[in-house]
Amino acid sequence: MVTTPQQTDIEMQQLPLTLNRDGRSIELRRLDESDGNKLIEFGSRQPSEDLLYEERDITSVADVGDWLHDTEAGRIRTVIAEENGKIIGYSSIERGRLRWTRHVAEIRVMVDKDVRRLGLGHVLLGLAFEAALSDDVAKIIAQMTPNQLGARKIFEQLGFVEDAVLTRHVASADGELHDLIVMRFDTAQRLICAECGQYVLTLIPMQGKQLCWSCYEMMDLELGAG
Ligand SMILES: CC(C)(COP(=O)(O)OP(=O)(O)OC[C@H]1O[C@@H](n2cnc3c(N)ncnc32)[C@H](O)[C@@H]1OP(=O)(O)O)[C@@H](O)C(=O)NCCC(=O)NCCS
């Protein structure tokens, strides 16, 4: 197994590997059929509002069983992050199941509430994004509720834009209805940041370079600080 220090741009074929982040040792690997209980245990530790938009209930044995079955059949690709035998995050990519949505892939990502803002979401999302691009899909989507601001930000950094807002589309356990935001990335329009090499929808010029939003902000800060 390869050990990487502060690496973020990891590719699927490098898995499994150990990611050293903030003094923690996190294993990144593909989901396998024996992970059912670990997934349920992960789901049951997450806030209910973060489980709302999930297509499958990851606290349910039946839904997790379907997920493992779809993974085995190659319909979904899932990467998990594991620490001390516990799942602490995952990302997945799933192609549209209908004949007329085969060109669309949906990305999902979730990081344990106790290990957020360490960069793990960015790494997991990067893996799923790269897998979707290599599948040659035309459109990648992500779904979230409006109060999932972290999710919106992290997808925007990759170049996703809002595609639609489906009003009163998600029902929580208490019967309340919530809006659902669909974000999209059109792969035909992808451009590459001159600094980090990330695929994005829009580039911002700075000092003769075409930069993604993240690198633009970083360079702007550096120039401002200097
Ligand atoms: C979205 C999610 C996966 C982010 O995971 P994470 O490990 O905390 O993300 P990272 O640490 O890699 O964050 C990368 C960047 O995204 C942005 N970001 C992430 N969470 C944020 C938040 N809550 N508020 C504002 N910005 C945020 C920041 O710019 C961050 O970089 P920084 O920490 O250097 O400022 C996590 O919050 C989560 O699991 N949410 C619930 C599930 C969900 O909403 N999934 C998305 C729908 S598919």
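In this chain, numbering begins with 1 at the start of the sequence shown. Both ligands and their constituent atoms are indexed starting at 1 by order of listing.
- In this structure, atom 45 (N) of ligand 1 lies nearest to the protein heavy atom Val109 O, 2.8 Å.
- The protein non-hydrogen atom at the shortest distance from atom 29 (O) of ligand 1 is Gln157 NE2, 2.8 Å.
- Taking a cut-off of under 4.0 Å to the non-hydrogen atoms of His122, the atoms of ligand 1 that pass are 12 (O).
- Atom 7 (O) of ligand 1 has its closest protein heavy atom at Gly121 N, 2.8 Å.
- Taking a distance limit of 4.0 Å, we find that atom 34 (O) of ligand 1 is approached by no protein heavy atom.
- Of all protein heavy atoms, the one closest to atom 17 (C) of ligand 1 is Lys153 CG, 3.7 Å.
- Atom numbering of ligand 1 starts at 1 in the shown order; those under 4.0 Å from a heavy atom of Leu120 are 7 (O), 12 (O).
- Under a 4.0 Å criterion applied to the non-hydrogen atoms of Asp50, ligand 1 contributes the atoms 41 (C).
- The nearest heavy-atom contact from the protein to atom 43 (C) of ligand 1 is Tyr53 OH, 3.3 Å.
- Among all heavy-atom pairs drawn from Ala131 and Ile93, the shortest one is CB-CG2, 4.2 Å.
- Classification of Arg45 and Asp114 as a salt-bridged pair fails, no side-chain N sitting under 4.0 Å from a carboxylate O.
- Taking distance alone, with nitrogen or oxygen atoms compared against 3.5 Å, Ile154 stays at or beyond that limit from ligand 1.
- Considering every non-hydrogen atom in both Cys212 and Leu203, the closest pair reads N-CD2, 4.1 Å.
- The minimum heavy-atom distance between Phe42 and Ile87, with the atom names listed, is CD1-O, 3.2 Å.
- Proximity of a side-chain donor or acceptor of Asp163 to a complementary backbone N or O of Arg184 within less than 3.5 Å is not detected.
- Looking only at distances, a side-chain donor or acceptor of Thr187 sits under 3.5 Å from a matching main-chain atom of Ala138.
- With respect to Arg56 and Asp70, a salt bridge is recorded, a charged nitrogen being found less than 4.0 Å from a carboxylate O.
- In this structure, the protein non-hydrogen atom closest to atom 21 (C) of ligand 1 is Gly150 CA, 3.2 Å.
- Residue-level proximity to ligand 1 for Leu118 is carried by the backbone, the only part with a heavy atom below 4.0 angstrom.
- Among all heavy-atom pairs drawn from Leu125 and Ser91, the shortest one is N-CB, 4.4 Å.
- For Phe129 and Phe185, the distance between ring centers is under 6.0 angstrom.
- Across Met183, Arg116, Met110, Met144, heavy-atom proximity to atom 40 (N) of ligand 1 is greatest for Arg116.
- Looking at Gln143, Gln148, Arg152 one by one, the single match for side-chain contact (heavy atoms from CB on, under 4.5 Å) with Ile181 turns out to be Arg152.
- Looking only at heavy atoms of the protein, atom 46 (C) of ligand 1 is closest to Ala151 CB, 3.4 Å.
- Shortest non-hydrogen contact noted between Val137 and Ala132 is CG2-O, 3.5 Å.
- Each of the following atoms of ligand 1 lies closer than 4.0 Å to a heavy atom of Arg108: 48 (S).
- Within the structure, the closest approach of Leu149 to ligand 1 does not fall below 4.0 Å when heavy atoms are considered.
- Summarising the geometry, atom CD belonging to Gln46 is positioned 4.5 Å from atom CG belonging to Asp112; distances are rounded to the nearest 0.5 Å.
- Both the backbone and the side chain of Arg117 come within 4.0 Å of ligand 1, judged by heavy-atom distances.
- If you look at Gln148 next to ligand 1, the close heavy atoms, those under 4.0 Å, all belong to the side chain.
- Within 4.0 Å of atom 37 (O) of ligand 1, at least one protein heavy atom is present.
- When heavy-atom distances to ligand 1 are checked against a 4.0 Å cut-off, Gln143 comes that close only through its backbone atoms N, CA, C and O.
- The residues Arg116 and Asp50 are annotated as salt-bridged, a charged nitrogen and a carboxylate oxygen being separated by less than 4.0 angstrom.
- Among protein heavy atoms, the minimum distance from atom 11 (O) of ligand 1 is reached at Gly119 N, 2.8 Å.
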